[in-house]
Amino acid sequence: MGAALLAVALFAVPWFLWRSDAVAYGLPVWLWWHIGWMLLASAVFYAFGRYAWGLGVEPRDDGVEP
């Protein structure tokens, strides 16, 4: 899961598309890249929230509420 989060953060900015004027379906390619990565980031966060949220969180033994 950590590798997926790192990949999403690393590829969120399409450095290789800077100064590119390529267009696909009426929008710049860099914008399509951003839309795709945001969809992927949403899917990764959904998976994290569904399956890994709260893992490693243990109640305190000393009776003190957080």
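Computation of the quantities below employed the complete heavy-atom set of this structure, encompassing side-chain atoms and omitting hydrogens, waters and symmetry-equivalent molecules. Quantities reported herein were computed from a predicted structural model and do not represent experimental measurements.
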Participant: More than 12 non-hydrogen atoms from neighbouring residues, nucleotides or ligands closer than 6.0 Å to CZ on Phe16, yes or no?
Facilitator: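 It does: Phe16 CZ has more than 12 such atoms within range.
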Participant: When hydrophobic residues are tied together by side-chain contacts of less than 4.5 Å, even through go-betweens, does Leu39 share a cluster with Trp37?
Facilitator: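 The answer is yes; both residues are in one hydrophobic cluster.
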Participant: Which donor-acceptor pairs under 3.5 Å do side chains of residues 17-36 form with protein atoms, sequence neighbours excluded?
Facilitator:
{"unit_1": "Ser20", "atom_1": "OG", "unit_2": "Ala22", "atom_2": "N", "d": "3.4"}
{"unit_1": "Trp32", "atom_1": "NE1", "unit_2": "Ala24", "atom_2": "O", "d": "2.6"}
{"unit_1": "Trp33", "atom_1": "NE1", "unit_2": "Phe11", "atom_2": "O", "d": "2.9"}

